[in-house]
Structures are given as C-alpha cells and as structure tokens.
Amino acid sequence: MKLALIVIVAVVIGLLLVIEVGLRSLFGFGNPLIYIGDQQIGYLLAPNQRTRRFGNRIEINEYSMRSEAITPIPAPTTLRILLLGDSIANGGWWTDQKNTISELMMRSLSALHTEKYQQVEVFNASANSWGPRNELAYLQRFGNFQAQAVVLLINTDDLFATAPTSLPVGRDRNYPDHQPPLALVEVWQRYITKQKPIPEIIALQNEPGDRVGVNLDAIAQIKVLNRERDSQFLLVMTPLLREIGDPGPRDYEIEARQRLTDFTQAQQIKYIDVLPIFNSTVNVKALYHDHIHLNLQGNQLVSQLIERLLMELMKEKLPTVLD
C-alpha cells in the first residue's frame, strides 16, 4: 500500500515537473514582464528585462523602453526617432521584438544611406494602457533623448484615457510586480482565478470632467516639449476594429475625433488618422490581432505610413537620400 502511494506521488510530482518545464520553455510562463509604480507616470515596465512569451522575444532596456540599450546622447551621425505609445506601440506578448512598429521602422530607415546619417535608432517608450498623460509624464521625466523626431501613436480609446495611476501594479494580474514562484502558479492566477474588481480603479475609470480636452492638452504639452528641443512631432491614431466599415465610430467617438482633427489643425500638428486608410483596405480584419491591437501585417502598414510622413517632416534635417 505504501509502495503504491509512493509511486502515485512520484508520478504526480514527475507530471507536474514536466508541465512546469513545458510551460516555461514553450510558453514563457513563470517569467512575466514586471511593472513598477510611479507617482507621475503611473507605472512603467521595470528596466532591464528579457523574456519570451509564446515564443516571442521581449526586451526592455534601462529606460523601460521596449528597445535595445540606449545612450542618452546620440552620435552626430545617428538619426534618432522616439516612438511613444500604449500596447499598440509596445506590441505586447503577441509580437516578437523584431516585429514591433519601432523595429520595423528602424530596419526600413536603416536601408537609406545619407551623407549625414549613417545609423538610425527608433526607440519605443510604451506600456499597456498608457494614455497621453502617461506619455507626457514619461517625457517630462526622461526627456526625448535628443531625438530628431518624436512619434506619438494613440488609438481612439486614448482620447478618453484617465489620469495616470499606479493602482494596477501588483493588484491587477496584468501588471505583476514580482515573479511567481512557479509557471503553474502564474497560469492559475492569470487564466483560472477570476480577477477581483479593484474599487479604486473603478472609481478612477469614472473620472469626471472633459477627459478628451485634458488629453488633448497633454498632447499639446508633448508638442511644446519637443519643439523646445528642436524635434519634429508627429501624431498618429489607429482605430478600433469596430470603427472600420459600417456603422463606423459611435457618436461620442465621432465628436472626439472631430475635436482631435480641429485641435491638430489649430496646433499645426502633423497628424495621420489611420481610419480612412483602413476603411479603403481590403480584408482589414487581417491587420488585427484582436479588436484593437494590430498584428505583423497591421504593424507593417502603420510603420510605412509613419515613415512616409516622417521623411517629409525631416527633409530639412535629412540630406538627399543616396542609393
């Protein structure tokens, strides 16, 4: 009887070990990205992290960017571009590092040889659910790293983003602040256990007042910060999948979109509204990972749109491109 019990226990332990190893090696569980709270920014990805999720490589540098290590001051022969955004810019666990919008832009622009710039850097300062106020706070903290151009990539929901907060860190399972003891524990907590509502976050999501106006003001401040540093500024907004085609954006989104258009014209901000472009794209669903996030095809299209306008903005800074 004791022998049978020992065998059963050994088999169970062995099976759990196999599952644990499989979850770690095949899916990357047990090593999630860690977040840190910040009083002004709300939260950041903890610096200096490397992991793989479902086979996709994720690397976070010393400034909490989804990018390789950065020198604060670029070399004179370097063209530096800073991409600010939320999970769409970041790419999340579903996007390999090489397939993020910033990496696609860097490879494409690096193929251009100029007399002045022999190297191109595109850095990616982003985090899940950041809004314009988070991105402004990041710039106020770290500056724009002497980038010649800064691209702010938002989506329609960001026009309604709430104030930065560190409340989700360590409380929401999507924002862990420490590594789990086992991959099995992470799977249990992330996919099996129900997420308990966080009353303080629910209250914050009901933030009163003109949220669209507050976020437009944050974008205006981002523009001013970059103008003070003699950097070009480009604003890009991607749509939710349900906004494409009929019936299109909801009434409150149409109103907010019009306010954004009027704002960019008044502020003389170069702006790409991706919605009309996606509306003229065949099989636009093939560009999306889910209802809001883009896949590799979507990232490629958006990166090309950004590159084209950036090249126009940078004409004075970029000499004639040589073959």
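Basis for what follows: all heavy atoms, side chains included, without hydrogens, waters or symmetry-related copies. We number each residue from 1, following the sequence as shown.
- Checking side-chain atoms of Glu253 against main-chain N and O of Arg250 turns up a donor-acceptor pair under 3.5 Å.
- Contact between Val212 and Ala256 at its shortest, heavy atoms only, is CG2-CB, 4.1 Å.
- Taking each heavy atom of Pro32 and Pro180 in turn, the nearest pair found is CD-CD, 3.5 Å.
- Proximity of the aromatic rings of Tyr138 and Tyr63 is defined here by a centroid distance below 6.0 angstrom, and this criterion is not met.
- The CD1 atom of Ile13 sits 12.0 Å away from the CD1 atom of Ile8 when rounded to the nearest 0.5 Å.
- Between the side chain of Asn99 and the backbone N or O of Leu296 there is no donor-acceptor pair closer than 3.5 Å.
- Atom CZ of Arg50 sits in a sparse spot, with 12 or fewer heavy atoms from other residues, nucleotides or ligands closer than 6.0 Å.
- Among all heavy-atom pairs drawn from Ile70 and Glu62, the shortest one is O-OE2, 3.0 Å.
- Side-chain N or O atoms of Asp262 include none that pairs as donor or acceptor with a backbone N or O of Arg259 at under 3.5 Å.
- No donor-acceptor distance shorter than 3.5 angstrom exists from the side chain of Asn206 to the backbone of Ala203, with no hydrogens or angles considered.
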Donor-acceptor contacts under 3.5 Å from residues 17-24 side chains, at least two apart:
unit_1	atom_1	unit_2	atom_2	d
Glu20	OE1	Ala183	N	3.2
Glu20	OE1	Leu184	N	3.2
Glu20	OE2	Arg24	NE	2.7
Glu20	OE2	Arg24	NH2	3.4
Glu20	OE2	Ala183	N	2.8

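- You'll find the side chain of Ile292 stays beyond 4.5 Å of the side chain of Leu241, heavy atoms only.
- By the salt bridge (Lys or Arg N to Asp or Glu O under 4.0 Å) test, Arg66 pairs with no residue at all, sequence neighbours left out.
- The distance from the OG1 atom of Thr162 to the CG atom of Leu204 is 4.0 Å, given to the nearest 0.5 Å.
- Aromatic ring centroids of His293 and Trp93 lie 6.0 Å or more apart.
- Using modelled atom types, one side-chain atom of Asn279 and one backbone atom of Gly245 make a donor-acceptor pair closer than 3.5 Å.
- Using a 4.5 Å cut-off on side-chain heavy atoms (C-beta onward), Pro164 and Ile41 make no contact.
- In the model, Gln40 has a side-chain atom that pairs as donor or acceptor with a side-chain atom of Arg141 under 3.5 Å.
- Among all heavy-atom pairs drawn from Ser110 and Val120, the shortest one is OG-CB, 3.6 Å.
- A salt bridge does not link Lys98 with Glu59: none of the charged nitrogens is closer than 4.0 Å to a carboxylate oxygen.
- Interatomic distance, CZ of Arg57 versus OG1 of Thr95, reported as 12.5 Å (0.5 Å rounding).
- Residues Phe29 and Phe54 bring their aromatic ring centres within 6.0 Å.
- For the pair Thr264 (side chain) and Tyr271 (backbone), a donor-acceptor distance under 3.5 Å is absent.
- Within the 4.5 Å cutoff, no side-chain heavy atoms of Arg52 are placed close to those of Ile58.
- Proximity of Pro249 to Leu275: side-chain heavy atoms (C-beta onward) are separated by under 4.5 Å at one or more points.
- By the rule that hydrophobic residues join a cluster once side-chain heavy atoms approach within less than 4.5 Å of another member, Phe123 and Tyr117 end up as members of separate clusters.
- Within the structure, salt bridge (Lys or Arg N to Asp or Glu O under 4.0 Å) pairs that include any residue of residues 264-274 comprise Arg257-Asp273 (at least two apart or interchain).
- Between the side chain of Thr281 and the main chain of Ile277, a donor-acceptor pair closer than 3.5 Å is present.
- With contacts defined as side-chain heavy-atom distances shorter than 4.5 Å, the pair Leu152/Leu234 does not qualify.
- In the hydrophobic clustering of this structure, Val151 groups with Val274; members are Ile, Leu, Val, Met, Phe, Trp, Tyr whose side-chain heavy atoms approach within less than 4.5 Å, directly or through other members.
- The shortest non-hydrogen separation linking Asp86 to Trp130 is CB-O, 3.3 Å.
- Under a hydrophobic clustering in which Ile, Leu, Val, Met, Phe, Trp and Tyr are joined whenever their side-chain heavy atoms come within less than 4.5 Å, directly or via other members, Ile244 and Ile272 fall into the same cluster.
- A continuous path of ILVMFWY side-chain contacts below 4.5 Å connects Met105 to Leu309, so both sit in one hydrophobic cluster.
- With contacts defined as side-chain heavy-atom distances shorter than 4.5 Å, the pair Leu235/Lys223 does not qualify.
- Within a 6.0 Å sphere centred on CG of Asp290, heavy atoms belonging to other residues, nucleotides or ligands number more than 12.
- Contact of the Tyr35 side chain with the Asn174 side chain is not registered, since no non-hydrogen atoms from C-beta on lie closer than 4.5 Å.
- Looking only at atom types and distance, the side chain of Asn31 has a donor-acceptor partner in the side chain of Thr51 under 3.5 Å away.
- Checked by atom type and distance alone, the side chain of Gln258 never pairs as donor or acceptor with a backbone atom of Glu255 at under 3.5 Å.
- With hydrogens and angles left out, the side-chain atoms of Glu243 and Thr156 include a donor and acceptor closer than 3.5 Å.
- A donor and an acceptor atom, one from each side chain of Asn144 and Ser231, are located under 3.5 Å apart.
- Nearest heavy atom pair, residue Val150 against residue Leu84, reads CG1-CD1, 3.9 Å.
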Under 3.5 Å donor-acceptor pairs involving side-chain atoms of residues 75-83, not counting sequence neighbours:
unit_1	atom_1	unit_2	atom_2	d
Arg80	NE	Glu121	OE1	2.7
Arg80	NH1	Thr71	O	2.9
Arg80	NH1	Pro72	O	3.3
Arg80	NH1	Phe145	O	2.9
Arg80	NH2	Thr71	O	2.9
Arg80	NH2	Thr71	OG1	3.4
Arg80	NH2	Glu121	OE1	2.8

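- Glu135 has no carboxylate O lying under 4.0 Å from a charged side-chain N of Arg133, or vice versa, which leaves the two without a salt bridge.
- Inter-residue side-chain proximity for Val236 and Leu305 is flagged as unmet; no heavy-atom pair is nearer than 4.5 Å.
- At distances below 3.5 Å, not a single donor-acceptor pair connects side-chain atoms of Ser108 with backbone N or O atoms of Leu104.
- Grouping Ile, Leu, Val, Met, Phe, Trp and Tyr by side-chain contacts under 4.5 Å, direct or through others, puts Ile198 with Leu167, Ile201.
- Side-chain N or O atoms of Asn215 include one that pairs as donor or acceptor with a backbone N or O of Ala161 at under 3.5 Å.
- Leu139 and Ile73 sit in two unconnected hydrophobic clusters of ILVMFWY residues. Membership requires side-chain heavy atoms under 4.5 Å apart, directly or through other members.
- Sorted by first and then second residue, the salt bridge (Lys or Arg N to Asp or Glu O under 4.0 Å) pairs with a member in residues 176-200 read Arg53-Glu186, Arg171-Glu200, Glu186-Arg190; sequence neighbours excluded.
- For the atom pair CG (Asn61) and CD (Glu68), the distance works out to 8.5 Å, reported to the nearest 0.5 Å.
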